[in-house]
2 protein chains.
Amino acid sequence: MPLRVVGVDPGLTRCGLSAVDVERNRSAQLVAVKVVGTASSEPLDQRILAIADAIDEWLDTHRPDAVAIERVFTYTNVSTVMGTAQATGVVIAAAARRNIPVALHTPTEVKAAVTGDGRADKATITAMVTRILKLDAPPKPADAADAIAIALAHAWRGAAPGSLAAASSGAQSGMTAAQRAWAQAQAKAGSTGKRAEEARLRALVKRSAR
Amino acid sequence: MPLRVVGVDPGLTRCGLSAVDVERNRSAQLVAVKVVGTASSEPLDQRILAIADAIDEWLDTHRPDAVAIERVFTYTNVSTVMGTAQATGVVIAAAARRNIPVALHTPTEVKAAVTGDGRADKATITAMVTRILKLDAPPKPADAADAIAIALAHAWRGAAPGSLAAASSGAQSGMTAAQRAWAQAQAKAGSTGKRAEEARLRALVKRSAR
DNA sequence: GGGACATAAGGTGACA
DNA sequence: TGTCACCTAGACTTCT
DNA sequence: AGAAGTCTCCCTTCCA
DNA sequence: TGGAAGGGTATGTCCC
C-alpha cells in the first residue's frame, strides 16, 4: 500500500504538478506529471484561475494522501514572489478543502532529499529523478522534474517542517491514521536507512557526473 | 443602480471583508463588513481554508460586481508576505471562479483615494470611512475600515492598476458591459469631480484632526 | 554534537 | 514555439 | 509636465 | 479576550 504524494512546484508562468506512489521501502513510481502554463498576457485572475482549476482536477484525479509544495524564498525580486505565493495559496486551499495534509518544503531540503546534497543544480535533480523512478527519459519540462522531486522529498522525509503537522479540529485534519502508520514504519526503517540512502544517492550523483 | 464592490484586506491572522454599494454620483453605502480571524496555533492549511470558506460565502452572499484587494508590499519581514499573498491568491481564485473582476490596489493608492492624501494614518482612514458611509460608529475591528476603504478606492478610481483590465477569453472575463458603462459614466463625471472630491476629502480630514 | 557561515529563482521580453 | 539573457516594487508628493 | 525622494506592515507574544 | 509592543528567512554544509 503505497503513499501517494502530489508534488507542486508553484509559479505563475509555469506550475509543475506531479503524482508519485512511494512504497514503504522507499521505492517510488511515477503516476503522472504535468506542467500548467499561463501567459503573462492574460489577466492575473485568469492565470490564477487556470492554476486553481488545474490543481482541483489534479487532486480529484489522483486523490493523493498528501500534497507537498515547494516553499518559496525571498528572491531578489519581490513581485514575482507574490505570484508564486498566490499560486501556493490556491494549492493549499484546494488541498485543505479535500482534507488532504499539506506540507511545504524549502528548495534546499528537496535537493538534499533527492540528490544527497543540499546544493545541486537543476540538471542533477532531473537526472536523479529520472533514475529513481526508472524513467525512460528525463521529465520533459524542467519544472516537472522539480515537482516530482518535491513529492519524493516529502515522502522520504516526512511532513516535518513549517506547515501542517497535527491535530487542529479534532478528528479531521493533520495525518490520516494510515498515513501516520506509514510515516512511523518509514521512519523506523529510516533511522538506519536514511543515511545509507543518502550515501547511495551521492554515489549515483557522482556516477551521473561523468 | 449602484456598483457593488467587495473589498478585502488580506492577512492570515485577520482578514477584513467588506461589501459596499457605490452610486454613480460617488455616494456610498455600507452593505456589510466582517473580519475573519485565524489563530497562529492552527496549521497553515486550516487557516487558509478558513479564509477560503469565508470569502466563498461572502461572495455568494453579496454577489458583488467587483472585488478589490489590497496589494501587499515587501515588508521588512518576508515570511509574513507569503502568508498574505497566499490569502490573496485564494481570494483572487474565488472571485475568478465566479467571473467577478478582481483588482489589486496599493495601500497608498487606497489612502489617497479615501483621504485625499497618500500618506494618512490608520485613524484618519477609519474616520473618513465612517464619515463617508455616514456610520454611527467607526467600524469595529480596525481591519474592517481598511477593507471598506479598499472597496471605496476601487469604485472611485476604476480598476486601472496592476491586475485585471480587459478582454482575455472572449465574452466572459474583464468587465461586464454594465460595469463598463458605470465606469465610463463615473469617469466622465470624474474628470472634473475627482479633483473637487479630493479637496473636499482633505478638508474633512483637517476638520477631523482637531 | 553544536554553532557559525554561505547559499538559495522566476518573470518578462527578445530572438532564433 | 522554445531558449536565452536581464532585471529584480510601486504609488503618491513635491520640487524643478 | 517631468524627475527624484520617500514611505509602505503584519505576525507573534505578552500583558491587562 | 482585547489591546500594545517588538521583530523581522530557512536550511544545508562545514568546521570546530
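As the structure is a prediction and not an experimental result, all values here were calculated from the model. Here is how names work: the chains are called A, B, and so on, in the same order as the sequence lines, proteins then strands, and each is numbered from 1.
- In this structure, T13(B) has no side chain to side chain donor-acceptor pair (under 3.5 Å) partners at least two apart in sequence or on a different chain.
- Judged as a side chain to side chain donor-acceptor pair (under 3.5 Å), not a single pair has a partner in residues 82-94 of chain A (not counting sequence neighbours).
- Of all nucleotides in DNA chain E having an atom under 4.0 Å from a heavy atom of chain B, the first and last in 5' to 3' order are dT8(E) to dT12(E).
- To the nearest 0.5 Å, the span separating CD1 on I148(B) from OG1 on T126(B) amounts to 9.0 Å.
- Using P as the reference atom, dG11(C) and dA9(D) are 15 Å apart when rounded to the nearest Å.
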Do any N or O atoms of the protein come closer than 3.5 Å to N or O atoms of nucleotides 7-11 of chain C, and which pairs are they?
unit_1  : atom_1 : unit_2  : atom_2 : d
dA9(C)  : OP1    : K111(A) : NZ     : 2.5
dG11(C) : OP1    : L12(A)  : N      : 2.7
dG11(C) : OP1    : T13(A)  : N      : 3.4
dG11(C) : OP2    : T13(A)  : OG1    : 2.4

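- Following rounding to the nearest Å, I125(B) (CD1) and dC12(D) (P) show an atom-to-atom distance of 14 Å.
- Without hydrogens or angle criteria, R47(B) side chain to A39(B) main chain gives a donor-acceptor distance under 3.5 Å.
- What separates CD of E109(B) from P of dT13(D) is a distance of 11 Å, to the nearest Å.
- Salt-bridge formation is detected for the pair R98(B)/D56(B): a Lys NZ or Arg NE/NH1/NH2 atom is positioned less than 4.0 Å from an Asp or Glu carboxylate oxygen.
- In this structure, D21(B) pairs ionically with R4(B), as a charged nitrogen and a carboxylate oxygen lie closer than 4.0 Å.
- Judged as a side chain to side chain donor-acceptor pair (under 3.5 Å), and not counting sequence neighbours, the contacts of D143(A) are R14(A).
- Using atom P as the reference point in both dA4(E) and dT8(D), the two lie 15 Å apart (nearest Å).
- Rounded to a whole Å, the CH2 atom of W156(B) is 19 Å from the C1' atom of dA11(D).
- Nucleotides dT9(F) and dT12(C) place their P atoms 27 Å apart, quoted to the nearest Å.
- If you take OG on S18(A) and NE2 on H62(A), they are separated by 9.0 Å, rounding to the nearest 0.5 Å.
- A sub-4.0 Å separation between OP1 or OP2 of dA9(D) and a side-chain N or O of R71(B) is absent.
- Across the P atoms, dA14(C) and dG8(F) are found 42 Å apart, a figure rounded to whole Å.
- Taking the C1' atoms as reference points, dG10(D) lies 15 Å from dC9(E), given to the whole Å.
- For the side-chain contact (heavy atoms from CB on, under 4.5 Å) test, residues two or more places apart in sequence or in another chain that qualify with N25(B) are E23(B), S27(B).
- Distance noted for atom P between dA9(C) and dC15(D): 44 Å (whole Å).
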